Every structure is written in C-alpha cells, then in structure tokens.
Amino acid sequence: MNEIFDVYNIIFLVLAVVIFFRLRSVLGRRTGNERPPYDPYEAKEAQKDSTGSNDNVISLPRQDNQEADGPGHEADINRIAPDGSALNEALKTIVAADRGFDPDNFVNGAKMAYEMIVTAFAEGDRKSLKNLLSNDVYEGFLSAIDDRESRKETVESTFVGIEKADIVEAALKSDTAQVTVRFKSQLISATKNTDGAVIDGDPNLVTDVTDIWTFSRDVSANDPNWKLVATEAAE
C-alpha cells in the first residue's frame, strides 16, 4: 500500500515539474505585444498633449466642488483679503464666474510654477519655459537667454525656497480673470564668463528676491489653465 502511494506521489511530482517548466517557458518569454507598464503621470501628460491645452500655459489647481462659493470658501477669501476690500470683492467676483477657482490652491500652484520657471531660466531651458509662459513673456525670457549666451556667460543657480507668496491684486475683465501674486524667495545665483570668473552674483550668498507675477485665464473657456502674462521685480 505504501509502495503504491509512493509511486503515485512520484508521478504527480514529475508532472508538476514538467508543467512548471512549460509554463515558465511561455510566461517568461516576451513576444513584443505586451502592454508597457501603466504610468498615470505619463498618461495625464499624453492627454494634455492630445488636446493641445498644455502649450504656453500654467496648470494651476482648481476646486471642482460646485459649492466652492459657499460660506467656507468666502471665509478663505476673507482670510486672504479683508472683507469689503477691493481685493476681497475681486476674488469673490472671480469665484462667482469660475466656481472651480480656489485662492489657496491657486497660490500653491503658482509657487510650483514660479520655481520651475526660475530654474528653467537659469538653465536656459527654452522648452520648459515655452510650456509655462504666454507668448509675450516667453519672448522676453528668450531674448535674455540669447543675450546671455551670445556673451558665452553661464549661470549657476540654486533655488533655496519660497518664503512667502501672497495674492496682491485680482480683477475680472469681461471673461478674463487676472490674479497677481507677490513672491518672496531665496536664491543662490552667480553669473560667470568664459574664464569661469564670477561677474555677477555670489555662489556662496543666499539672496532675497521679490517678484510680482500676473496670471490670466478666460473663465468662459473649458481649459482650466492659467497663462503667466506679466512679470516684474519689486523694488
């Protein structure tokens, strides 16, 4: 009885090994028809490219809640600007026209865009800048980069961080919303000539920088993106 039991076990074991190796030979072989691993971030970028909405725009977060103009949202606006002030009324007007607009989310998105643009400008990354700026602003940045490169100068820059970012002005003109943000950031920047000598800035010094940037969007359009339409350095 035990011998018969052992023989059957051996047979089953041999069959299992054969099946295992046959499965391995099939499953372990690439045919060239496999789907690539799914990357949700890459998929989102592909969707933007297919719609053409990713050119010369800055994608700032919006709130999809249709009750964004409720009491809680009004409290957020009152915290940003005193109730009754021109800025407060302007933000409420924008929210009424675009319920997806949320001031706090907007500032967070603007901070990310600010760092990307400052870094891309220092590196002379024209492609990134073109995807982040309006045409007029891009031409200004491009001219500065071309001028710098014509002198064969290079910029070594480190973005330390943003100390503060505040909405300082807003307006709704027809269907166009404009929001201006004051950024207070810290940078380490030095411009060097062809000999490697520092001709501007200091590679060992953290510098405080204040910029005032204006973003714009057509609230009647389905495109949720905002364009950077103006920049200036605060005195």
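Keep in mind it's a predicted model, so treat the numbers as computed, not measured.
- Using a 4.0 Å cut-off between a side-chain N of Lys or Arg and a carboxylate O of Asp or Glu, Arg79 and Glu74 do not qualify as a salt bridge.
- Side-chain atoms of Ile77 and Pro103, non-hydrogen and from C-beta on, do get closer than 4.5 Å to each other.
- Side-chain contact between Arg126 and Leu142 is present, with heavy atoms from C-beta onward closer than 4.5 Å.
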Could you walk me through whether Ser128 and Asp125 pass the side chain to side chain donor-acceptor pair (under 3.5 Å) check? CA-CA 6 Å; Ser128 294; Asp125 185 352; 2.6 Å; yes

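- Proximity of Leu187 to Val206: side-chain heavy atoms (C-beta onward) are nowhere separated by under 4.5 Å.
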Assess the residue pair Phe215 and Val229 against the criterion (side-chain contact (heavy atoms from CB on, under 4.5 Å)); give the C-alpha distance rounded to whole Å, side-chain angles, the decisive distance to 0.1 Å, and a yes or no. CA-CA 6 Å; Phe215 303 90; Val229 297; over 6 Å; no

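- Note on Arg217 versus Asp98: salt bridge recorded, some NZ/NE/NH1/NH2 to OD/OE distance being below 4.0 Å.
- Ion pairing of Glu156 with Lys192 is present here, as a side-chain N (NZ or NE/NH1/NH2) and a carboxylate O approach within less than 4.0 Å.
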Dump the intermediate steps for side-chain contact (heavy atoms from CB on, under 4.5 Å) on Asn78 and Asn88, then the final yes or no. CA-CA 7 Å; Asn78 292 340; Asn88 184 287; 2.8 Å; yes

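- In this structure, Leu132 and Lys127 have side chains that are not in contact, with every pair of non-hydrogen atoms separated by 4.5 Å or more.
- In this structure, the side chains of Arg148 and Val155 come closer than 4.5 Å at one or more pairs of heavy atoms.
- For the residue pair Asp218/Ser220, the side-chain donor-acceptor check at 3.5 Å is satisfied.
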Stepwise, does the side chain to side chain donor-acceptor pair (under 3.5 Å) test hold for Asp223 with Asn225? CA-CA 6 Å; Asp223 185 357; Asn225 296 307; 2.7 Å; yes

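- Put simply, the side chain of Thr231 does not reach to within 4.5 Å of the side chain of Ile117, judged on heavy atoms.
- When the options Leu228, Val181, Val137 are evaluated for a side-chain contact (heavy atoms from CB on, under 4.5 Å) with Trp213, the one that passes is Leu228.
- Residues Thr180 and Ile212 have side chains in contact (heavy-atom distance under 4.5 Å, counting atoms from C-beta outward).
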Mind running side chain to side chain donor-acceptor pair (under 3.5 Å) on Asp208 and Gln186 for me, showing each step along the way? CA-CA 5 Å; Asp208 294 324; Gln186 292 185 323; 3.1 Å; yes

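- Side-chain contact check for Ile162 versus Lys184: every heavy-atom pair is 4.5 Å or farther apart.
- In this structure, the separation between CD1 on Ile188 and OG on Ser157 is 8.5 Å, given to the nearest 0.5 Å.
- Interatomic distance, Ile94 CD1 to Glu89 CD, rounded to the nearest 0.5 Å: 12.0 Å.
- With respect to Asp83 and Lys92, a salt bridge is recorded, a charged nitrogen being found less than 4.0 Å from a carboxylate O.
- No side-chain donor-acceptor contact under 3.5 Å links Asp195 to the backbone of Ala197.
- Only one option out of Glu163, Lys111, Lys164, Glu115 pairs with Phe183 in a side-chain contact (heavy atoms from CB on, under 4.5 Å); it is Lys111.
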For the pair Asp166 and Ile80, evaluate side-chain contact (heavy atoms from CB on, under 4.5 Å) and give the outcome as yes or no after the intermediate values. CA-CA 8 Å; Asp166 296 311; Ile80 293 173; over 6 Å; no

